[in-house]
Amino acid sequence: MADEPGPRQDGRRRTRLYALTDGRTAAIHTVLTMDTTITAVAVPDGHDGLPTEWQAILAMCPPPGGLAVAEIAARMRIRLTPMTLLLGELADRGLIEHRPPLEGAETTNVHLLMKIRDNLARI
């Protein structure tokens, strides 16, 4: 199971999800949807003191592109609800930026939709 601690390939242990979310079941300030785009914010002192999972999330969302919440959850093998809580915590700490999903008018571009489909198929 993804939220069970255990040895990782790099020898470090995985933190339990309730420890990363402080037992919360809802975001304090930032509410994210599964199609919100997440981009890491560069900080001068780096991310070395953060939990391993947070570092992994920040590493996979470099500017300028970023990733959708659902894609981050899939890559991290963490359920969507805990992932939105983790990302909400990162946003509240100023470690990520988030932007809402595309407006309806922006999603009518067939070529864009085909590109999204193709990228999802690669995952």
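Predicted model only: the values in this text are computed from it and were never measured.
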Worksheet entry | side chain to side chain contact (heavy atoms under 4.5 Å, CB included) partners of Arg117, counting only residues at least two apart | Met114
Practice prompt. For Thr33, enumerate each residue passing the side-chain hydrogen bond (donor to acceptor under 3.5 Å, both in side chains) test, keeping only those at least two apart in sequence or located in another chain.
Written response: Asp35, Thr36
Worksheet entry | Spacing of Ile57 atom CD1 and Thr52 atom OG1 [to the nearest 0.5 Å] | 11.0 Å
Item to complete: Hey, could you give me each pair passing side-chain hydrogen bond (donor to acceptor under 3.5 Å, both in side chains) that has a residue in residues 60-75? Not counting sequence neighbours.
Response: Glu71-Arg75
Discussion item. Return the CD1 to CG distance between Ile72 and Leu80, rounded to the nearest 0.5 Å.
Written reply: 10.5 Å
Worksheet item: Can you tell me how far CG of Leu95 sits from CG of Leu50, rounded to the nearest 0.5 angstrom?
Response: 6.0 Å
Worksheet item: Between Leu32 and His98, is any pair of side-chain heavy atoms under 4.5 Å apart?
Response: yes
Worksheet item: Say you draw a straight line from OG1 of Thr37 to CD of Glu97; how long is it, rounded to the nearest 0.5 Å?
Response: 12.0 Å
Discussion item. Surrounding CE of Met60 (heavy atoms of other residues, nucleotides or ligands, distance under 6.0 Å), is the total greater than 12?
Written reply: yes
Discussion item. Could you report the tightest heavy-atom contact between Met76 and Glu53, atom names first, then the distance?
Written reply: CE-O, 3.8 Å
Fill in: Pairs where residues 56-68 contributes a residue and the test salt bridge (charged side-chain N to carboxylate O under 4.0 Å, His left out) is met, not counting sequence neighbours
none
Fill in: Reported OG1-to-CG distance for the pair Thr39 and Leu67, which is rounded to 0.5 angstrom
8.0 Å
Fill in: Considering all heavy atoms, the nearest Pro64-Arg99 contact
O-NH1, 4.3 Å
Discussion item. List the residues meeting side-chain hydrogen bond (donor to acceptor under 3.5 Å, both in side chains) with Asn119, not counting sequence neighbours, and say none if there are none.
Written reply: Arg122
Worksheet, complete the sentence: One should read off an interatomic distance between Leu120 CG and Lys115 NZ, to the nearest 0.5 angstrom, of 12.5 Å
